[in-house]
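Single-structure report; data block below.
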Amino acid sequence: MNERISTVVSGDSVLDDNPVGKLKVFVYEMPRKYNQMLLAKDGRCLHHMFAAEIFMHQFLLSSAVRTLDPEEADWFYTPVYTTCDLTPQGFPLPFRAPRIMRSAIRYVATAWPYWNRTEGADHFFLTPHDFGACFHYQEERAMERGILPLLRRATLVQTFGQRNHVCLQDGSITIPPYANPHKMQAHLINPGTPRSIFVYFRGLFYDMGNDPEGGYYARGARASVWENFKDNPLFDISTEHPSTYYEDMQRAIFCLCPLGWAPWSPRLVEAVVFGCIPVIIADDIVLPFADAIPWEEISVFVAERDVPRLDSILTSIPLADILRRQRRLAEPSVKQALLFHQPARPGDAFDQVLNGLARKLPHRKGVFLEPGEKVLDWDAGLESDLKPWISKLEGSVGQTLVST
């Protein structure tokens, strides 16, 4: 078994924490080119796995933790939709994201005095890219870029989490990817339906388009699953994505959640919601809300090097242990904590983010800089990232409000 970040669980009280009264958040009012115009141009970003950055903005605008007085704020939030600038295929354009973020920070630093007091140390940003604020889907390119220098004092709320990785900043809050709660609710089946599938997985085993030589995608773990178990009757695995995908997960005992380009995927959320024990294959992964969700009690962890033994590992788990995990998975608070509901619900992923921010208060010594003190270098970073971002949307997109 590979080593992981240990999960700290303090009963259900952590999941049930109410963040109201524990912190105040000031939401910057940004020019629409940073958020609403991007959304109006391409509504697909409401539905992809990075949509938390949009829904968090919507949530905060009406949240009880929001303050209109920046002088009393504990945290400052900049609503910028860096994953809403999409290719025709629907993927975020990684080379533009740092430019958008740098432009947004420059605007905040110029229009208000609060960024300059701390150079972002009391600010948080949603960066739900594959490798967070490294802004790239390929690990090698992400590591080459590193975390955007201007974000290195800020708190990053991101889907990416992997221990000892250059793209994981100390103090980051790891969140789940977005999976549509209403869509999953519509596919619920009778909870008494027998779980007749032992192991289930649908997805890529090779990404020949981006990794033509093979072996780099998923560090070879997905390829190993296919090569070792494609003909094993205990494994229902395929690249096909049937219309019964959600129903099939509810008929399965184990759902494979291997890394892809990044360690995480929406399968982790879907498996938990549908009561299918996640089999997490991603060495050193830092899981969402690990201080609240009892991951060790609801999942099975398999080291990437042990994938060839996956069948013997899973068949050797005692029935009592399987039933114990299934009972924990059935607890509503566990499912709720991984979902970004619209409208928000108590204890859901929005509350977990706020509780994560509240637990970082009071701010550590050194957050507030001395007059004239500078820490961050505005000119640091890749040359391509330092080019100005010029929005092509201004004047070409109507004044459509953010809407779900």
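We count residues from 1, following the sequence as given. The basis for the numbers below is simple: all heavy atoms, side chains too, and nothing from hydrogens, waters or symmetry mates.
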Close side-chain approach of D130 to H136, heavy-atom, < 4.5 Å: no
Output field: ring centroids F254/F198 closer than 6.0 Å: yes
Between NE2 on residue H187 and CG on residue D248, distance to nearest 0.5 Å: 11.5 Å
Interatomic distance, T239 atom OG1 to W226 atom CH2 [nearest 0.5 angstrom]: 6.5 Å
Carboxylate-amine/guanidinium contact R359 D291, below 4.0 Å: yes
Over 12 foreign heavy atoms within 6.0 Å of CD, E72: yes
Between H165 and E139, a side-chain donor and acceptor under 3.5 Å: yes
Closest contact, heavy atoms only, A133 versus L156: CB-CD1, 3.7 Å
Side chain Q342, main chain Q58, donor-acceptor under 3.5 Å: no
Under 3.5 Å donor-acceptor, T315 side chain and D311 backbone: yes
Nearest-0.5 Å distance, CG of residue N355 to NZ of residue K360: 13.5 Å
Note, W295 side chain near V272 side chain (heavy atom, < 4.5 Å): yes
Test side chain to side chain contact (heavy atoms under 4.5 Å, CB included) applied to L86 and F91, step by step: CA-CA 5 Å; L86 305 178; F91 302 110; over 6 Å; no
F76 ring center within less than 6.0 Å of Y114 ring center: yes
Pair E53-T83, side-chain donor/acceptor within less than 3.5 Å: yes
Worked verdict on D283 versus R163 for salt bridge (charged side-chain N to carboxylate O under 4.0 Å, His left out): CA-CA 9 Å; D283 292 355; R163 188 174 58 175; over 6 Å; no
Minimum heavy-atom distance between H48 and G90, given as atom pair plus value: CD2-O, 4.3 Å
Exam field: side chain R325 to backbone P278, donor-acceptor pair closer than 3.5 Å: no
Minimum-distance pair of heavy atoms, taken over all atoms of G43 and H47: O-CD2, 3.5 Å
More than 12 heavy atoms from other groups under 6.0 Å of CZ on R44: yes
Residue pair Q326, R195: steps toward the side chain to side chain contact (heavy atoms under 4.5 Å, CB included) verdict: CA-CA 11 Å; Q326 290 175 332; R195 291 191 177 267; 3.8 Å; yes
Side chain to side chain, L256 and R267, heavy atoms closer than 4.5 Å: no
N/O donor-acceptor pair under 3.5 Å between N35 side chain and P79 backbone: yes
Closest non-hydrogen atom pair, H363 against D122: NE2-CB, 3.6 Å
Note, I313 side chain near V279 side chain (heavy atom, < 4.5 Å): no
Residue E140 excluded, over 12 heavy atoms near CD under 6.0 Å: no
Stepwise side chain to side chain donor-acceptor pair (under 3.5 Å) check, Q36 with Y81: CA-CA 8 Å; Q36 297 183 34; Y81 300 168; over 6 Å; no
Distance, nearest 0.5 Å, that separates SG of C84 from CG of L93: 11.0 Å
Residue from Y200, Y246, Y245 passing ring-ring contact (aromatic ring centres under 6.0 Å, His included) with F274: Y246
Full working for ring-ring contact (aromatic ring centres under 6.0 Å, His included) between F55 and F340: CA-CA 7 Å; F55 294 126; F340 294 94; 7.8 Å; no
Donor-acceptor under 3.5 Å (R222 side chain, L259 main chain): yes
Rounded distance (nearest 0.5 Å) linking atom CD1 of I100 with atom CD1 of I390: 12.5 Å
N180/Y178 under side chain to side chain contact (heavy atoms under 4.5 Å, CB included): CA gap, chis, key distance, verdict: CA-CA 6 Å; N180 190 314; Y178 176 74; 3.6 Å; yes
Whether over 12 other heavy atoms sit under 6.0 Å from Q89 CD: yes
Candidate list V157, L60, L357, test side chain to side chain contact (heavy atoms under 4.5 Å, CB included), partner Y77, passing option: L60
Student check: side-chain heavy atoms of C134 and I147 closer than 4.5 Å: yes
Any I298 side-chain heavy atom under 4.5 Å of I293 side chain: yes
Heavy-atom side-chain contact between F235 and N228 under 4.5 Å: no
D377 atom CG, neighbour heavy-atom count above 12 within 6.0 Å: yes
Heavy-atom closest contact (G161 atom, L168 atom, distance): CA-CD1, 4.2 Å
Passing candidate, ring-ring contact (aromatic ring centres under 6.0 Å, His included) with Y28, options W112, F124, W115: W112
Donor-acceptor pair, side chain of D306 and main chain of V302, under 3.5 angstrom: no
Flag, side chain of Q352 to backbone of F289, donor-acceptor distance under 3.5 Å: no
Value rounded to 0.5 Å, distance of CG in L382 from CZ in F95: 13.5 Å
Main-chain N/O of V273 paired to K335 side chain as donor or acceptor, under 3.5 Å: yes
Electrostatic pair E331:R328 at N-O distance under 4.0 angstrom: yes
Heavy-atom side-chain proximity of P308 to S224 below 4.5 angstrom: yes
Donor-acceptor contact present, side-chain D284 to main-chain Q162, <3.5 Å: no
Aromatic centroids of W261 and Y216 separated by under 6.0 Å: yes
Atom of L314, atom of V199 and distance for their closest heavy-atom approach: CD1-CG2, 3.7 Å
Disulfide bond (SG atoms under 2.5 Å apart) partners of residues 291-363, not counting sequence neighbours, each pair once: none
T127 and F160: CA distance, side-chain angles, deciding distance, side chain to side chain contact (heavy atoms under 4.5 Å, CB included) verdict: CA-CA 9 Å; T127 57; F160 172 73; over 6 Å; no
Backbone of V375 reached by a side-chain donor or acceptor of E119 within 3.5 Å: yes
Check: Y34/T78 side-chain N/O donor and acceptor closer than 3.5 Å: no
R345/D348 ion pair, N-O < 4.0 Å: no
